[in-house]
Amino acid sequence: MRNWKKVVGLFVAVVALGSVAAFAAPKTWVVGFSQIGSESEWRTADTISVQNAFNDDPSFILIYSDAQQKQENQIKAIRSFIARRVNAILFTALVETGYGPVLQEAKNAGIPVVMIDRDVQASDRGLRLTIMGSDFIKEGEKAGTWLATYLQKQGIDDGTKPIDIVELQGTTGSAPAIDRKTGFANIMKQHPNWQITRSQTGNFTSAEGKAVMEAFLKADQHIQVLYAHNDQMALGAIQAIKEAGLRPGKDIIIVSVDGVKGAFDAMVAGELNASIECSPLLGPQAVQALRDLRDGQKLPGRIWTIEGIFDQTNAAAALPSRQY
Ligand code: GYE
């Protein structure tokens, strides 16, 4: 009798331990991440955030692939993730179009695709599970609204005289370049005297931002404002403006997007006027979404990042607490 009780007791203990172990050690997931490259401070911070978040959770194994700004490398990487039968794919799309077939292949293989940062075109969005990141249209609108307030406060814009703006666009066909242009244009509609006199891509890099700004300055004596789709291009353009003997932030008002450290330093130095925040710290959010997915939860179709605006009035105070 006593022996029988011992056996039952042992059995209960083993079952209980087993379920504790099941809670403590979730099934390991292998996740493939197709990143676009390392074109900016923003991108570097984004990659580090994702890698750190995965390192912090040993129940995930991350396979990282850097496409070096080439769409075909991304397509190859996603195909190799499918061949390896990963549990999920994290994906940042270099440009919006051209990924339909490979996303269909992932879907056919039953592998969920979670987008981070840059989305694909609307007609392909049914092929991926969700997207987390920033509202790039809103960022463009915030840049336009900040500019309107600033020009008015400085007494530069009376609503009648033309305001000449040059634009440095991001990578052609990418979601942030398309949407930041659209957002800014939405605000321009309320200011019929604003005009974009020149607009060209600087590919989100400092070197190209500088080269394009040099060409703008050579061709044009009357540039009042620069709107750059990211800080990196604005920082390159600041060099070009200085080399042309002008004062960035004074002779040419500059507003850009991201809020990276380099932009804060430039604002504190009075050379950049404003930067609209776009957070690259997406890693923890991405890992949490994958945990939820593994636990069988349904993910929301869109996970937004919350962001602010910085200019020369608040940049110095915020600088010490910036994480990227
Ligand atoms: O603004 C830029 C980067 O996709 C939001 O890409 C991102 C953009 C970011 O290179 O700096």
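When a ligand or atom number is given, it counts from 1 through the structure's own listing order.
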Assess the side chains of Glu167 and His229: does a donor N or O sit below 3.5 Å from an acceptor N or O?
yes

Trp42, any N or O under 3.5 Å of ligand 1 N or O
no

So, Lys142 and Glu307, do they make that salt bridge, N to O below 4.0 Å?
no

Within 45 degrees of the ring normal and closer than 6.0 Å to the centroid, is that where the cationic atom of Arg294 sits relative to Phe60?
yes

Gln104 and Asn108 side chains, donor-acceptor separation under 3.5 Å:
yes

Quiz question: by atom type and distance under 3.5 Å, do the side chains of Gln69 and Glu39 form a donor-acceptor pair?
yes

Considering the heavy atoms of Pro176, write down every atom of ligand 1 situated less than 4.0 Å from one of them.
4 (O)

Close-contact set for ligand 1 against Phe136 heavy atoms, below 4.0 Å
5 (C)

Centroid separation Phe91 to Tyr99 less than 6.0 Å:
yes

Is any N or O atom of Ser40, backbone or side chain, closer than 3.5 Å to an N or O atom of ligand 1?
yes

May I ask you to check if Arg79 and Phe81 form a cation-pi contact, with NZ or CZ under 6.0 angstrom from the six-membered ring centre and within 45° of the axis?
no

Gln285 vs Thr305 side-chain heavy atoms within contact, under 4.5 Å:
yes

Give me the residue, atom name and distance of the protein heavy atom closest to atom 11 (O) of ligand 1.
Asp258 OD2, 2.6 Å

Given that the side chain starts at C-beta and the backbone is N, CA, C, O, which of these parts of Gln69 lies under 4.0 Å from ligand 1, counting heavy atoms, or is it both or neither?
neither

If you measure from each heavy atom of Met233 to ligand 1, is any distance below 4.0 Å?
no

Check whether any heavy atom of Asp117 sits under 4.0 Å from an atom of ligand 1.
yes

If hydrogens are left out, which of Asn230, Thr44, Thr305 has an atom nearest to atom 2 (C) of ligand 1, that is, the closest non-hydrogen atom?
Asn230

Short list, please: which atoms of ligand 1 are under 4.0 Å from a heavy atom of Arg118?
3 (C), 4 (O), 6 (O), 8 (C), 10 (O)

Determine, using heavy atoms of Glu39 and all atoms of ligand 1, whether some pair is separated by less than 4.0 Å.
yes

